[in-house]
Amino acid sequence: YESTLRKFEDADIIVACHPYTYEMIKSVFPDKPLIYEAQDVEYKIKKSMYQDNEDTAKALATLNVIEKKCCDDSAFIMTCSDEDKNEIARLYNVALDKIIVVPNGVDCKEMSYVDPSTRILNKKEAGYAKKTGVFMGSGHKPNVDAALTIIEVAGKCTSTEFLLMGSVCEYFKETKLPDNVKLLGIVTDEEKRNVLKSVDFALNPIETG
């Protein structure tokens, strides 16, 4: 990983989208400005995901220290929501004016609208069922939990096809799934666009994280 980082020695600014590489970033680039792109409040979300035991407590204590260092040492912090902004400020005693909220969004030039009639043709060409929905996500535990919910629903909606896309699929490789649940796995950007312009609906039953 250090050798990979050193490929970017000409960079003027380093962006850490998680705190976990903070120590390595500072060892390789001790003098470069750092921006912390906080996709979550990592300490809070990991605390909610794992069982309360001695090993978890040790890991969380280490994460708390690293995330605080990343916050303290960054030129500024980006969060996805006001809720995360306020939580980081409270948890790590960070000034609110050091935190910028950058909401999640979509590049509408990259993902253009597809009208229903074209979508029907695309769906037929792709060989999807009459009604087809998609959920995409990483192997992050909240996404795995969401996929489990979809699999449960699929058993009751046998005339609808459910597509799971992304590294979340790795969790279910050895799982016996309903016939109307298909794992697409990790796909290219082009493959993702083809799926999104062919299905009838998207699913996002996220309850945590």
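All residue numbers refer to positions in the sequence shown, counting from 1. Quantities reported herein were computed from a predicted structural model and do not represent experimental measurements.
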Value rounded to 0.5 Å, distance of CD in Glu161 from NZ in Lys182: 4.0 Å
Phe29 with Tyr22, same ILVMFWY side-chain cluster at under 4.5 Å: yes
Over all atoms of both residues, closest heavy-atom pair of Pro142 and Ile206: O-CD1, 3.6 Å
N-O pairing of Lys44 and Asp40 below 4.0 Å: no
From CA spacing to verdict: side-chain contact (heavy atoms from CB on, under 4.5 Å), His140, Ile45: CA-CA 11 Å; His140 191 40; Ile45 196 170; 3.5 Å; yes
Greater than 12 external heavy atoms within 6.0 Å of Lys46's NZ: yes
Glu42 (side chain) donor-acceptor with Glu67 (main chain) under 3.5 angstrom: no
Pair Glu9 + Arg6: basic N to acidic O under 4.0 Å: yes
For the student: nearest non-hydrogen atoms of Val153 and Phe162, plus distance: CG1-CZ, 4.3 Å
Closest heavy-atom pair and its distance - Asn204, Phe135: OD1-CE1, 4.0 Å
Side chain Thr188, main chain Glu191, donor-acceptor under 3.5 Å: yes
Residue pair Cys17 / Gln39, side-chain heavy-atom distance below 4.5 Å: yes
Flag if over 12 foreign heavy atoms under 6.0 Å of CG, Asp107: yes
Test item: side-chain donor near acceptor, Asn143 and Ser138, under 3.5 Å: yes
More than 12 heavy atoms of other groups within 6.0 Å of Asn93 CG: no
Heavy-atom side-chain contact between Pro33 and Asp12 under 4.5 Å: no
Residue of the set Val195, Asn122, Val134 for which side-chain contact (heavy atoms from CB on, under 4.5 Å) holds with Tyr128: Val195
Spacing of Lys173 atom NZ and Glu170 atom CD [to the nearest 0.5 Å]: 4.0 Å
Approximate separation, where rounding is to 0.5 Å, of Asp84 CG and Leu91 CG: 11.0 Å
Sub-4.5 Å side-chain heavy-atom contact between Tyr36 and Asp73: no
Evaluation steps, side-chain contact (heavy atoms from CB on, under 4.5 Å), between Ser74 and Lys98: CA-CA 9 Å; Ser74 60; Lys98 186 179 180 178; 3.7 Å; yes
Cluster overlap Leu183 with Val144, hydrophobic side-chain contacts below 4.5 Å: yes
Reported CD1-to-CD1 distance for the pair Ile77 and Ile100, which is rounded to 0.5 angstrom: 9.5 Å
Validation row: Phe201, Thr160 side chains within 4.5 angstrom (heavy atoms): yes
In one Ile/Leu/Val/Met/Phe/Trp/Tyr side-chain cluster, 4.5 Å: Met49, Tyr20: no
More than 12 heavy atoms from other groups under 6.0 Å of CD on Glu152: no
Min side-chain heavy-atom separation Phe76-Asp97 under 4.5 Å: no
Test log, rule side-chain contact (heavy atoms from CB on, under 4.5 Å), inputs Ile88 and Lys85: CA-CA 5 Å; Ile88 281 180; Lys85 172 179 178 175; over 6 Å; no
More than 12 heavy atoms of other groups within 6.0 Å of Met136 CE: no
Value rounded to 0.5 Å, distance of CZ in Arg119 from NZ in Lys197: 10.0 Å
From Asn86 atom CG to Thr79 atom OG1, the distance as rounded to the nearest 0.5 Å: 8.5 Å
Candidate pair Asp145 and Lys141, rule salt bridge (charged side-chain N to carboxylate O under 4.0 Å, His left out), full reasoning: CA-CA 6 Å; Asp145 292 340; Lys141 187 175 183 300; 3.1 Å; yes
Co-membership, hydrophobic cluster, residues Tyr92 and Met78, 4.5 Å side-chain: no
Single-linkage hydrophobic cluster Val106~Val102, side-chain heavy atoms < 4.5 angstrom: no
Heavy-atom side-chain proximity of Pro205 to Ile150 below 4.5 angstrom: yes
Enclosure of Asp179 CG (heavy-atom neighbours >12, cutoff 6.0 Å): no
Side chain to side chain, Phe172 and Ile151, heavy atoms closer than 4.5 Å: yes
Non-hydrogen atoms of Gly155 and Pro178 that approach each other most closely: N-CG, 4.5 Å
Nearest atoms (heavy-atom pairs only) where Lys32 meets Phe8: CE-O, 4.5 Å
Closest non-hydrogen atom pair, Thr132 against Ala129: OG1-O, 3.1 Å
